[in-house]
Amino acid sequence: MKQLLFLFISLFVVSCSKNPTPKPDKLLDEEVMVNIIFDISILQAADGSFTYKLAEADIEMDKYIFEKYKIDSTTYSQNQRYYASDPKKYKKIYRKVVERIEQEQEKINKASKKDNDTTDVKKDFGPVE
């Protein structure tokens with residue numbers, strides 16, 4: 001009975017610990033994780049919309065990320081697991097990723113609007129002769 005109680009208490013203490021996932025051998029900074037997740041999000045969106053473009057450019061998502069950040073799959077997995085085990089940190093990281101995506105979308109929208117405005121001016125004046 002005492003052993004069962006000890007086991008239950010031990011499991012309870014371990015499950016309530018602040019961060020039960022061990023710190024990775026090579027801990028990546030939160031900002032680096034933001035950059036990695038941002039890049040993965042953009043690549044996945046591109047792959048979903050323009051699959052052939054990534055293939056034409058001979059871009060493999062995993063390989064691209066690992067080379068760009070000079071990490072391997074183990075380092076990425078350990079860091080992903082480590083940050084995911086702390087919901088507050090993970091939420092903060094993803095909030096930054098979403099903000100960055102929104103900023104990039106805003107830049108694209110402004111550039112697109114600027115291009116449309118230039119096109120409208122050309123339509124108004126017609127071709128130069």
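Worth knowing before you read on, the calculation uses all heavy atoms, side chains too, and leaves out hydrogens, waters and symmetry mates.
In this structure the side chain of Lys23 never reaches within 4.5 angstrom of the side chain of Gln78, judged on heavy atoms. A heavy-atom distance below 4.5 Å is not found between the side chains of Ile65 and Met61. Side-chain contact between Glu106 and Lys110 is present, with heavy atoms from C-beta onward closer than 4.5 Å. The shortest side-chain heavy-atom distance between Gln80 and Ile37 falls under the 4.5 Å cut-off.
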* To do: Go through Ile40 and Tyr76 one step at a time and tell me if the side chain to side chain contact (heavy atoms under 4.5 Å, CB included) criterion holds.
  => CA-CA 12 Å; Ile40 290 171; Tyr76 174 72; 3.6 Å; yes

For Met33 and Tyr82: C-alpha separation, side-chain torsions, deciding distance, then whether side chain to side chain contact (heavy atoms under 4.5 Å, CB included) applies.
CA-CA 11 Å; Met33 284 301 292; Tyr82 175 76; over 6 Å; no

Q.
Let's go through Tyr64 and Leu43 carefully: what are the C-alpha distance in whole Å and the side-chain angles of both, what is the deciding distance for side chain to side chain contact (heavy atoms under 4.5 Å, CB included) to 0.1 Å, and is it a yes or a no?
A. CA-CA 10 Å; Tyr64 174 82; Leu43 287 168; 3.6 Å; yes

Ser41 vs Ile101, side chain to side chain contact (heavy atoms under 4.5 Å, CB included): CA-CA, chis, key distance, verdict: CA-CA 9 Å; Ser41 299; Ile101 290 171; 4.1 Å; yes

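Using a distance-only test at 3.5 Å, with no hydrogens or angles considered, a donor-acceptor pair links the side chain of Ser49 to the main chain of Ala45. Not one N or O on the side chain of Asn79 forms a donor-acceptor pair closer than 3.5 Å with the backbone of Leu27. Although no hydrogens or angles enter the test, the distance criterion places no donor-acceptor pair under 3.5 Å between the side chain of Tyr94 and the main chain of Lys89. Panel note: side chain Thr75, backbone Ile71; no donor-acceptor pair is recorded below 3.5 Å.
With rounding to the nearest 0.5 Å, the separation of CZ in Arg95 from OH in Tyr90 is 14.0 Å. In this structure, Asp86 CG and Lys91 NZ are separated by 12.5 Å, a value rounded to the nearest 0.5 Å. Put simply, NZ on Lys68 and CD1 on Ile36 are 9.5 Å apart, with the number rounded to the nearest 0.5 Å. Atom-to-atom distance recorded for Ile59:CD1 and Lys53:NZ is 11.0 Å, nearest 0.5 angstrom. How far CG of Leu54 is from CD of Gln44: 11.0 Å, rounded to the nearest 0.5 Å.
The minimum heavy-atom distance between Arg100 and Asn35, with the atom names listed, is NH1-OD1, 2.7 Å.
By the 4.0 Å N-to-carboxylate-O rule, Glu104 lies close enough to Lys107 to be salt-bridged with it.
Between Tyr69 and Asp39, the side chains place a donor N or O and an acceptor N or O closer than 3.5 Å (distance only, hydrogens not considered). Using a 3.5 Å distance cut-off with no hydrogens or angles, the side chains of Asn109 and Gln105 do pair a donor with an acceptor.
Cluster annotation: Ile93 and Val98 are assigned to distinct hydrophobic clusters (Ile/Leu/Val/Met/Phe/Trp/Tyr, side-chain heavy-atom contacts under 4.5 Å, transitive).
The number of heavy-atom neighbours closer than 6.0 Å to CG of Asp58, taken from other residues, nucleotides and ligands shown, is 12 or below.
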